[in-house]
*Asks:* 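Sharing a structure, written as structure tokens. Questions coming.
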Amino acid sequence: AQTIDKEATVSGYRVRQNSRNSVDYATKRGWYLDLQLAGQSPIGERVTSNPILHNDRITFTSFTPTGDKCGHGGSGWIMELDALTGAAPDRYTPSFDLNTDGKYDANDLSNDQAPAGIGLDAIPSSPNIVHDSQGINRITSDTNGEISDEKGPPTEFGRLSWRQIR
């Protein structure tokens, strides 16, 4: 199981730090993430969209409705985790460019850890992943009518290896 260990603000972004627990697939069938801050009571956060698997990572959005049972709206998160373990990205490969300098490096860490998610002030749609020469773009729309385009690190395309056949 993975946990949400901390939430903080870095370079104007609300960010989440997740655990990096290993998964013993000899005894477990997979991993899960409790959608609550460690040590606190659940606040109703949920995932209702389809996750997207890409580049050994899984990207999904979540939302938390307002506390008013008759109200509308809420807030959400764009999360990106290791697909095999559910762990946060390691500190050497952050998923989010928090200082918007176009690099994914130690300047994008929060307390020496790569963030696992970025907070949004409205309920996000399912993410769409678009690859281009600069990296990935995580595109979502939200209930405020805003479109979010969170950039991600570059990925390799095309043939990565080959085998010669006589």
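Note that the structure is predicted; figures quoted are calculated from it, not measured.
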*Asks:* Which residue pairs satisfy the salt bridge (charged side-chain N to carboxylate O under 4.0 Å, His left out) criterion with at least one member in residues 26-43, sequence neighbours excluded?
*Replies:* none

*Asks:* In this structure, which one of D5, T3, I4 forms a side-chain contact (heavy atoms from CB on, under 4.5 Å) with N18?
*Replies:* I4

*Asks:* Does a side-chain heavy-atom distance below 4.5 Å link P115 with L98?
*Replies:*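 Answer yes - side chains close enough.
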
*Asks:* Identify, with sequence neighbours excluded, every residue that meets salt bridge (charged side-chain N to carboxylate O under 4.0 Å, His left out) alongside D24.
*Replies:* none

*Asks:* Same cluster or not: are L33 and Y25 linked, directly or through other Ile, Leu, Val, Met, Phe, Trp or Tyr residues, by side-chain heavy atoms under 4.5 angstrom apart?
*Replies:* yes

*Asks:* Applying the 4.5 Å side-chain criterion to the ILVMFWY set and letting contacts propagate, would I78 and L53 be lumped into a single cluster?
*Replies:*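 Different hydrophobic clusters.
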
*Asks:* Do K6 and N111 have side chains that get closer than 4.5 Å, going by heavy atoms?
*Replies:* yes

*Asks:* Considering all heavy atoms of both residues, which atom of A116 and which atom of A88 are nearest to each other, and what is their separation?
*Replies:*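 Heavy atoms only, the tightest pair is CB-CB, 4.0 Å.
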
*Asks:* Is there a chain of hydrophobic side chains (I, L, V, M, F, W, Y, each step under 4.5 Å between heavy atoms) that links I129 to M79?
*Replies:*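 I129 and M79: separate clusters.
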
*Asks:* How is the hydrophobic cluster of I43 composed, in terms of its other members, when Ile, Leu, Val, Met, Phe, Trp and Tyr link through side-chain heavy atoms under 4.5 Å apart, directly or indirectly?
*Replies:* none

*Asks:* Once rounded to the nearest 0.5 Å, what's the spacing between atom CG of L109 and atom OH of Y104?
*Replies:* 13.5 Å

*Asks:* Identify the heavy atoms of A8 and S110 that sit nearest to each other, and give their distance.
*Replies:*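 Result for this residue pair: CB-OG, 4.1 Å.
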
*Asks:* Restricting to salt bridge (charged side-chain N to carboxylate O under 4.0 Å, His left out), what partner residues turn up for E146, sequence neighbours left out?
*Replies:* none

*Asks:* R20 versus D82: any side-chain heavy-atom pair under 4.5 Å?
*Replies:*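 Not touching, per the 4.5 Å side-chain cut-off.
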
*Asks:* Decide whether W77 and L81 are clustered together by the hydrophobic rule: side chain heavy atoms of Ile, Leu, Val, Met, Phe, Trp, Tyr closer than 4.5 Å, transitively.
*Replies:*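 Yes.
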
*Asks:* How far does OG1 of T143 sit from CG of L120, to the nearest 0.5 angstrom?
*Replies:* 9.5 Å

*Asks:* Might you point out which heavy atoms bring P42 and Q36 nearest each other, and give the distance in Å?
*Replies:*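 So the two residues come closest at CG-OE1, 3.2 Å.
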
*Asks:* Quick one: does Q2's side chain have a donor or acceptor within less than 3.5 Å of a partner on T85's backbone?
*Replies:* yes

*Asks:* Distance-only check: which donor-acceptor pairs under 3.5 Å involve side-chain atoms of residues 57-65, not counting sequence neighbours?
*Replies:*
| residue | atom | partner | partner atom | Å |
| --- | --- | --- | --- | --- |
| R57 | NH1 | S95 | OG | 2.3 |
| R57 | NH2 | T93 | O | 2.9 |
| R57 | NH2 | T93 | OG1 | 3.0 |
| T59 | OG1 | H54 | NE2 | 2.8 |
| T59 | OG1 | E80 | OE1 | 2.7 |
| T61 | OG1 | S49 | OG | 3.0 |
| T61 | OG1 | S125 | O | 3.0 |
| S62 | OG | E45 | OE2 | 2.5 |

*Asks:* Return yes if some donor-acceptor pair links the side-chain N/O of W31 with the main-chain N/O of S22 below 3.5 Å, else return no.
*Replies:* no

*Asks:* Taking a hydrophobic cluster as the set of Ile, Leu, Val, Met, Phe, Trp and Tyr residues connected by side-chain heavy atoms closer than 4.5 Å, whether directly or through intermediates, do L35 and L37 fall within one such cluster?
*Replies:*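 Result: yes, single cluster for both.
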
*Asks:* Which pairs with one or both residues in residues 102-118 pass salt bridge (charged side-chain N to carboxylate O under 4.0 Å, His left out), sequence neighbours excluded?
*Replies:*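 Only R91-D112 qualify under salt bridge (charged side-chain N to carboxylate O under 4.0 Å, His left out).
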
